[in-house]
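Values in this document were obtained by computation on a predicted structure and should not be read as measured data. Numbered from 1 within each chain, the chains take letters A, B, ... in sequence-line order.
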Amino acid sequence: MNPFRQEALNVLSRHTGLDPEKIDAVLERPPKSELGDFAFPCFQLAKELKKAPPQIAEELAEKVAGELELLTEARALGPYLNLFVNREEFARSVLHAPNALADGFGNSSEGEGKVIAIDFSSPNIAKPFHVGHLRSTIIGSTLYRIFASLGYECVGINHLGDWGTQFGKMVCGLKHWGEEKDLEDLDALNALYVRYHEEEEKNPELADEARDWFRRQEEGDPEAIDLWKKIRETSLDYFKVIYERLSVRFDHYTGESFFNDKMDAVVDRAEELGLTSVSDGAVVIDLEPHGIDTPALLRKADGATLYMTRDLAAAGYRQKTYKFDQLLYVVGTAQSLHFRQLFKVLELMEESWAEDCSHVNFGLVQGMSSRKGNVIYLEELLDEARNRARDYMSANVDKRPELEDEEAVAEAVGIAAIFFSDLSKQRIKDYNFSWERAISFEGDTGPYLMNAHARIAGIIRKCGIEVDPEADVSLLQEPSAHNLVSLVSRYTEALREAARTYEPSILAAYLLDLARALHSSYKELRVKGEEEKLASARLLLFAVVKNILAGGMKILGIRPLEKM
RNA sequence: GCGCCAGUAGCUCAGCUGGAUAGAGCACCGGAUUUCUAAUCCGGUGGUCGGGGGUUCAAGUCCUCCCUGGCGCGCCA
């Protein structure tokens with residue numbers, strides 16, 4: 001805890017008789033920075049003391065006044081006692097931190113020794129990556145970076161949907177209407193898949209044929225396996241191009257197929273524990289006694305395994321292999337039931353770590369039709385974003401610096417807009433996709449953050465002096481400067497809260513606040529042409545803000561550019 | 001029908017474990033650039049926090065009922 005807050009707790013504890021822990025729980029931040037740095041609500045004391053809260057606040061203010069060191073003032077404001085930090089000391093403690101200008105300032109090591117495994121993105125092989133697949137990728141990769149910044153060892157897992165009856169359908173389609181070279185063409189494969197479904201409507205017997213292909217695949221039939229391998233390869237090559245463009249990386253591509261030989265053991269174990277029963281020929285686990293109406297299916301009547309079986313095998317494998325402290329499944333909320341079942345079954349199978357698994361769910365993205373009326377493919381969205389960014393840049397060309405690589409900037413701005421529009425909302429909310437919202441450059445957007453960063457870069461480049469890490473920051477007297485310092489000091493808290501709740505939007509909102517504070521103070525806190533010591537103090541403040549912005553933006557998947 | 005989730009300004013969203021006059025962005029209106037990026041800033045219009053009841057000194061936040069919307073509900077993933 002920072003020493004300023006600590007002093008507030010101590011002083012208040014002394015005069016109220018309450019434990020510092022108790023005060024810590026109620027001590028809040030005033031809604032506006034003019035109202036001070038800490039606020040102590042006096043309502044609860046009112047009962048015990050039988051006095052009105054404002055009177056208690058008044059009395060506390062008087063008692064506390066003589067005992068402040070790092071705090072400079074205690075002021076009663078209605079029922080609150082508000083405390084103000086000594087701004088000079090505060091600025092020094094924040095801006096003169098040894099690593100204030102270093103990479104990773106504000107990161108922490110609190111997660112050291114702990115492993116967080118994150119299952120995210122996990123697209124289905126042989127299907128194009130459309131905008132609906134994007135959320136898991138964006139949220140999952142961001143959580144990965146959030147936890148990593150807090151010192152956790154992260155394991156990013158792409159649990160590819162590379163096994164299942166959809167392959168039977170695909171192969172069935174290929175056999176009827178496709179040819180050899182289609183195996184290397186994802187568009188062709190997708191068309192075959194679509195065609196299969198159309199034909200199946202007319203001719204339901206195709207479903208049996210498809211099921212049979214998948215069964216052969218599960219039995220290791222050489223032809224079925226060979227076809228599957230080629231399809232998988234083609235899809236994976238395509239996914240990797242996309243991940244590259246999004247700067248998303250995985251530690252493991254252990255898809256569903258990886259667990260083929262590990263599933264019998266899971267079913268056997270469930271049977272040994274007496275959890276299973278046979279219902280209409282299928283092996284199921286009844287979960288009704290545990291408050292879940294729908295049973296978990298481990299084996300179909302034809303003996304084939306299911307999603308649940310593979311997820312059970314995968315969870316066990318992950319625990320054994322990565323020894324995770326937490327396992328996060330970044331998967332849409334539509335699959336909530338599946339994960340409730342999964343976690344309950346793990347518990348019934350006496351896996352002590354079942355409680356370490358969480359479904360990090362997110363809302364549905366709706367209305368993702370392109371202008372042509374089809375689903376929007378991710379490339380289409382990324383290209384459109386880049387094009388709009390480029391148009392924006394050329395329309396405002398006189399206001400911007402010369403860029404070495406216009407295309408790269410346009411691409412970065414486009415991706416920032418897309419990532420941020422997703423990350424700035426709470427995960428749980430559904431939303432209707434709209435081009436305008438997904439690709440917007442003004443206001444609360446990714447490019448707004450980038451702009452704040454680039455503006456500071458401009459100051460550093462042009463102000464004529466060098467950043468001095470030891471600048472006399474006691475000269476930073478303006479409220480707007482103090483506000484910035486205060487925000488900087490809260491970065492780690494934002495990271496921590498985002499991690500605790502698996503909610504990247506908390507970091508996004510924080511960065512927006514910081515960027516807004518920067519933009520608002522920009523005119524007031526001039527550097528260039530000011531008296532040297534003052535200029536130097538402001539420059540250091542901006543440099544540290546830039547450092548925090550850059551770190552936070554990278555976590556959100558946004559490139560902090562020096563010029564844009 | 002049952003279950004889970006959501007409902008805050010015209011639109012998109014914030015609102016920490018209940019606490020100060022419910023805040024941003026977009027849109028709209030009016031201003032700001034000889035000076036470090038106007039992808040910006042400053043000001044204005046705009047709110048029965050879905051509805052009723054309850055708990056509390058205090059409810060957008062907790063409980064309950066209802067309304068609306070989304071998703072899910074055994075051999076798909």
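- Partners of A/Thr305 under the side-chain hydrogen bond (donor to acceptor under 3.5 Å, both in side chains) rule, at least two apart in sequence or in another chain, are A/Glu218, A/Arg310.
- Here B/U40 is the nucleotide among B/U40, B/C75, B/A39 with the atom lying nearest to any side-chain atom of A/His519.
- Atom P of nucleotide B/U8 and atom NZ of A/Lys425 are separated by 14 Å, given to the nearest angstrom.
- Distances from the side chain of A/Leu297 to the nucleotides B/G74, B/A39, B/U12 place B/G74 closest.
- Nucleic acid contact for A/Gly458: sugar-phosphate only, since backbone atoms but no base atoms lie under 4.0 Å from a heavy atom of the residue.
- At the heavy-atom level, A/Glu530 lies nowhere under 4.0 Å from the strands shown.
- Atoms CD1 and CD1, on A/Ile418 and A/Ile138 in that order, are 7.5 Å from each other to the nearest 0.5 Å.
- Residues satisfying the side-chain hydrogen bond (donor to acceptor under 3.5 Å, both in side chains) test with A/Arg232, not counting sequence neighbours, are A/Asp162.
- A/Arg75 and A/Glu73 are joined by a salt bridge, as a carboxylate oxygen and a charged side-chain nitrogen come within less than 4.0 angstrom of each other.
- Against RNA chain B, the stretch residues 27-34 of chain A makes heavy-atom approaches under 4.0 Å through A/Glu28, A/Pro30, A/Pro31.
- Side-chain proximity of A/Lys563 to B/C57, B/A14, B/U37: nearest is B/U37.
- For A/His159 and A/Arg318, the side-chain atoms include at least one donor-acceptor pair closer than 3.5 Å.
- A distance of about 15 Å separates the P atoms of B/A9 and B/A24, rounded to the whole Å.
- Between the CG atom of A/Leu298 and the P atom of B/C76 there is a distance of 14 Å, rounded to whole Å.
- Atom CD of A/Glu531 has more than 12 heavy atoms from other residues, nucleotides or ligands within 6.0 Å.
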Pairing annotation in dot-bracket form, given for RNA chain B with Watson-Crick or G-U pairs under 3.5 Å and | for cross-strand partners: (((((((..((((.....[...)))).(((((.......))))).....(((((..]....))))))))))))....
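- Of the residues in residues 531-544 of chain A, none has a non-hydrogen atom less than 4.0 angstrom from any atom of RNA chain B.
- Rounded to whole Å, the C1' atom of B/U45 lies 7 Å from the corresponding atom of B/C29.
- The salt bridge (Lys or Arg N to Asp or Glu O under 4.0 Å) search around A/Asp264 returns A/Arg299, not counting sequence neighbours.
- The C1' atoms of B/U21 and B/C63 are separated by 28 Å, rounded to the nearest whole Å.
- Of the C1' atoms belonging to B/U55 and B/C62, the separation is 8 Å, rounded to the nearest Å.
- In terms of position on RNA chain B, the residue among A/Gln44 and A/Val284 whose nearest nucleotide sits closer to the 5' end is A/Gln44.
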Give every pair of a protein N or O atom and an N or O atom of nucleotides 71-73 of chain B that lie under 3.5 Å apart, one pair per line with the distance.
from, atom 1, to, atom 2, distance (Å)
B/C73, O2', A/Thr294, OG1, 3.1

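- Applying a 4.0 Å cut-off to non-hydrogen atoms, the residues of residues 303-312 of chain A that approach RNA chain B are A/Leu306, A/Tyr307, A/Arg310, listed by residue number.
- Only the P atoms considered, B/U48 is 37 Å distant from B/U33, to the nearest whole Å.
- At whole-Å resolution of the value, NZ in A/Lys169 and C1' in B/A77 are 10 Å apart.
- Between the C1' atom of B/A38 and the CE atom of A/Met564 lies a distance of 12 Å, rounded to the nearest Å.
- Under the 3.5 Å distance criterion, with hydrogens and angles disregarded, no donor-acceptor pair is assigned to the side chains of A/Arg5 and A/Asn2.
- Looking at A/Ser121 and A/Thr137, their side chains do bring a donor and an acceptor atom within 3.5 Å of each other.
- Residues A/Ser486 and A/Arg490 have side chains that bring a donor and an acceptor to within less than 3.5 angstrom of each other.
- With sequence neighbours left out, A/Arg29 forms a salt bridge (Lys or Arg N to Asp or Glu O under 4.0 Å) with A/Glu493.
- Taking every side-chain heavy atom of A/Asp280 into account, B/C75 is the closest of B/C41, B/A6, B/C75.
- There is no side-chain donor-acceptor pair under 3.5 Å between A/Ser394 and A/Asp391.
- The residues A/Glu402 and A/Lys563 are annotated as not salt-bridged, no charged nitrogen and carboxylate oxygen being separated by less than 4.0 angstrom.
- Not a single salt bridge (Lys or Arg N to Asp or Glu O under 4.0 Å) links A/Glu288 to another residue, sequence neighbours left out.
- Under the rule for a salt bridge (Lys or Arg N to Asp or Glu O under 4.0 Å), the partners of A/Arg496 that lie at least two apart in sequence or sit in another chain are A/Glu110.
- Rounded to whole Å, atom P of B/G74 lies 13 Å from atom CG of A/Leu287.
- If you take atom C1' in B/A32 and the same atom in B/U68, they sit 45 Å apart, rounded to whole Å.
- Atom CD of A/Glu256 and atom C1' of B/A77 are 7 Å apart (whole Å).
- The side chain of A/Lys429 contributes an N or O atom lying less than 4.0 Å from OP1 or OP2 of B/G7.
- Nucleotides B/U61 and B/C28 place their C1' atoms 32 Å apart, quoted to the nearest Å.
- An aromatic stacking contact between A/Tyr448 and the base of B/A39 is absent, as defined here by ring centres under 5.5 Å apart and ring planes under 30° from parallel.
- Considering only side-chain atoms of A/Lys528, the nucleotide from B/C16, B/U37, B/C36 that sits closest is B/C36.
- Close to B/C42, at under 4.0 Å from its OP1 or OP2, lies a side-chain N or O of A/Ser520.
- Phosphate proximity of B/A77 to A/Gln166: absent, as no side-chain N or O sits under 4.0 Å from OP1 or OP2.
- Computed from coordinates, the A/Phe129 CZ to B/A77 P distance equals 20 Å when rounded to whole Å.
- For the P atoms, the distance from B/G51 to B/C11 is 15 Å, rounded to whole Å.
- In the model, A/Glu524 has a side-chain atom that pairs as donor or acceptor with a side-chain atom of A/Ser480 under 3.5 Å.
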Can I get a per-line list of side-chain donor-acceptor pairs under 3.5 Å for residues 449-462 of chain A, giving both atom names and the distance, sequence neighbours left out?
from, atom 1, to, atom 2, distance (Å)
A/Asn451, OD1, A/His519, NE2, 3.2
A/His453, ND1, A/Leu561, O, 2.9
A/Arg461, NH1, A/Glu562, O, 3.2

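- Rounded to whole angstrom, the span from the CG atom of A/Asn361 across to the P atom of B/A77 amounts to 21 Å.
- A salt bridge does not link A/Glu411 with A/Arg390: none of the charged nitrogens is closer than 4.0 Å to a carboxylate oxygen.
- If you check the side chains of A/Tyr196 and A/Glu209, you find no donor sitting under 3.5 Å from an acceptor.
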